[in-house]
Amino acid sequence: MIKKITLLVLVLISASTFAQLNGPVGHLTIFSEDGDKFTLILNGEVINDVPQTNLRVEDLNQPYYNAKIRFEDKSLMDISKNNLMLTDVDGIFSDVTYKIKRDKNNKTKMKLNYFSSIPVRPDFIPPSNVHVIHYGQPRPAPVVVQQTTTGIAQTTTTTTTQTGGATMGVGVNVGGVNMGITINDSMGGGSVTQTTTTTTTQVGGTRPVDVIEPVRGCNGRTCMTSGNFNAALATIKKQSFEDTRLKTAKQVITANCLNVDQIIQIANTFNFEDNKLDFAKYAYDYCIEPRNYFKLNGIFSFSSNVDELSDYVQSRQ
């Protein structure tokens, strides 16, 4: 009994420590009332590559997100919802469910409505018909698709017979290995008959026929080294006028690729949010990790600029 209590205490301490290290999170479930398959985009990041009718996204660490829903049926209108909340009125993260339904007056117009909310439960088990995605996990490694093909093994048998005399030889080649028997006779003369028999056998095998590479921005190139970036950042900061600083920053990234953290560092050299937004839009095509571009939302003080950048990123996908 004491062992069981001790084990329970250790489990609770571990769970508490894990929660403290990783911070509070919320969960989001969206389902389609009429079974329409959809793709969810949060802060410009595509969540599910395969359209679903019932989607659950776990471990979301922000209190609200800008959400966009695209339907597999292209006749249905997209849904855009800013500030989709994952917390309750007291700011506590919750397990929130939203429902997609059709507009009564326009069947191609879709709505995303609040459905329910419950406290976050670590032991919650989603129903089997819900597609679950754990937000923030690393992008899957490249997938190699194997296809069964047919190999060929060939056996050739050659028989040479000389009647009435000197030599009778039998040669066999099996899988590239030669075997032969020759019988000599002192009698001469006669005719020679040669017969060749070829047997072809098909055997199974596999070979990689397709490789799906992870999606990367900036044509798959690597980002600037830390040394080159620090030198470029220092050059940008030396510019006295903000307009000149913006032009210099654009000049730097036009010839290079950057990661999200490098783009954030450059954007924070600007005092005016209009310049931050201008640079953030320009830098998107030069970012090697476009899936993490939502992190730039933190550089803005005004939600209108967050919305404008999110709309821009979605238009580029």
Side-chain angles (χ1 to χ4, degrees), residues 23 39-47 49 60-68 70 78 80-84 135-142 213-317:
T39 297
L40 174 64
I41 302 170
L42 294 179
N43 288 352
E45 180 180 358
V46 177
I47 300 300
D49 295 326
L60 293 165
N61 58 10
Q62 296 188 35
Y64 62 89
Y65 288 81
N66 289 338
K68 186 168 185 177
R70 292 175 178 167
D78 294 347
S80 294
K81 187 176 183 67
N82 294 332
N83 301 329
L84 186 147
Y135 186 79
Q137 286 190 346
R139 192 174 179 84
E213 296 290 346
V215 176
R216 295 187 62 194
C218 204
N219 296 321
R221 295 187 294 162
T222 57
C223 67
M224 293 180 71
T225 63
S226 58
N228 290 337
F229 174 74
N230 290 335
L233 184 62
T235 301
I236 294 170
K237 289 180 176 180
K238 286 180 181 178
Q239 308 308 313
S240 302
F241 299 101
E242 188 141 319
D243 288 346
T244 307
R245 198 177 307 147
L246 179 59
K247 290 179 181 179
T248 305
K250 289 182 177 180
Q251 181 183 6
V252 168
I253 66 171
T254 299
N256 298 279
C257 296
L258 306 177
N259 60 36
V260 167
D261 290 337
Q262 290 172 334
I263 293 173
I264 290 175
Q265 289 185 59
I266 295 178
N268 283 331
T269 64
F270 304 118
N271 298 318
F272 300 108
E273 290 224 343
D274 287 347
N275 289 333
K276 288 184 178 181
L277 180 61
D278 185 354
F279 176 75
K281 288 181 178 180
Y282 188 85
Y284 179 75
D285 289 335
Y286 301 94
C287 180
I288 65 168
E289 44 179 349
R291 288 173 63 90
N292 292 329
Y293 218 68
F294 67 91
K295 293 180 180 180
L296 269 80
N297 293 347
I299 68 175
F300 299 110
S301 301
F302 302 106
S303 60
S304 58
N305 289 327
V306 175
D307 294 343
E308 187 170 345
L309 180 61
S310 297
D311 291 341
Y312 177 80
V313 169
Q314 291 175 18
S315 71
R316 301 289 297 168
Q317 294 175 350

Open item on the list: So which atom in I299 and which in K276 form the shortest heavy-atom distance, rounded to 0.1 Å?
Closed with: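 In terms of heavy atoms, the two residues are closest at O-NZ, 3.4 Å.
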TODO: Could you pull out the closest heavy-atom pair between A249 and F270, with the gap in Å?
DONE: CB-CZ, 4.0 Å
Can you name the side chain to side chain contact (heavy atoms under 4.5 Å, CB included) partners of [X], sequence neighbours left out?
| X | result |
| --- | --- |
| E273 | F300, S301, F302, N305 |
| N83 | Y64, N66 |
| S303 | none |

Point-to-point distance, once rounded to the nearest 0.5 Å, from [atom1] of [X] to [atom2] of [Y]:
| X | Y | atom1 | atom2 | answer |
| --- | --- | --- | --- | --- |
| N43 | I41 | CG | CD1 | 11.0 Å |
| L309 | D278 | CG | CG | 11.5 Å |
| N82 | S310 | CG | OG | 7.5 Å |
| N268 | I263 | CG | CD1 | 12.0 Å |
| F279 | L246 | CZ | CG | 8.0 Å |

Open item on the list: Is any side-chain heavy atom of K81 closer than 4.5 Å to one of Y65?
Closed with: no
Task: Side-chain (R245) to main-chain (T269) donor-acceptor, under 3.5 angstrom - done: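 Checking the backbone N and O of T269 against the side chain of R245, a donor-acceptor pair under 3.5 Å is found.
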Task: Backbone of T235 reached by a side-chain donor or acceptor of Q239 within 3.5 Å - done: yes
- [ ] With sequence neighbours excluded, tell me which residues meet side chain to side chain donor-acceptor pair (under 3.5 Å) with N275.
- [x]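 So N275 forms a side chain to side chain donor-acceptor pair (under 3.5 Å) with E242.
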- [ ] Mind running side chain to side chain contact (heavy atoms under 4.5 Å, CB included) on L42 and F294 for me, showing each step along the way?
- [x] CA-CA 8 Å; L42 294 179; F294 67 91; over 6 Å; no
Which donor-acceptor pairs under 3.5 Å do the side chains of residues 225-234 make with protein atoms, sequence neighbours left out?
| from | atom 1 | to | atom 2 | distance (Å) |
| --- | --- | --- | --- | --- |
| T225 | OG1 | N228 | N | 3.4 |
| T225 | OG1 | N228 | ND2 | 3.2 |
| N230 | ND2 | S226 | O | 3.1 |

TODO: Tell me yes or no: between the side chains of D311 and Q314, is some donor less than 3.5 Å from an acceptor?
DONE: no
Going by atom type alone, with no hydrogens or angles, which donor-acceptor pairs under 3.5 Å involve a side-chain atom of residues 251-259 and a protein atom two or more places apart or on another chain?
| from | atom 1 | to | atom 2 | distance (Å) |
| --- | --- | --- | --- | --- |
| T254 | OG1 | K250 | O | 2.5 |
| T254 | OG1 | Y282 | OH | 2.8 |
| N256 | ND2 | V252 | O | 2.7 |
| N259 | OD1 | D261 | N | 3.2 |
| N259 | OD1 | Q262 | N | 2.8 |

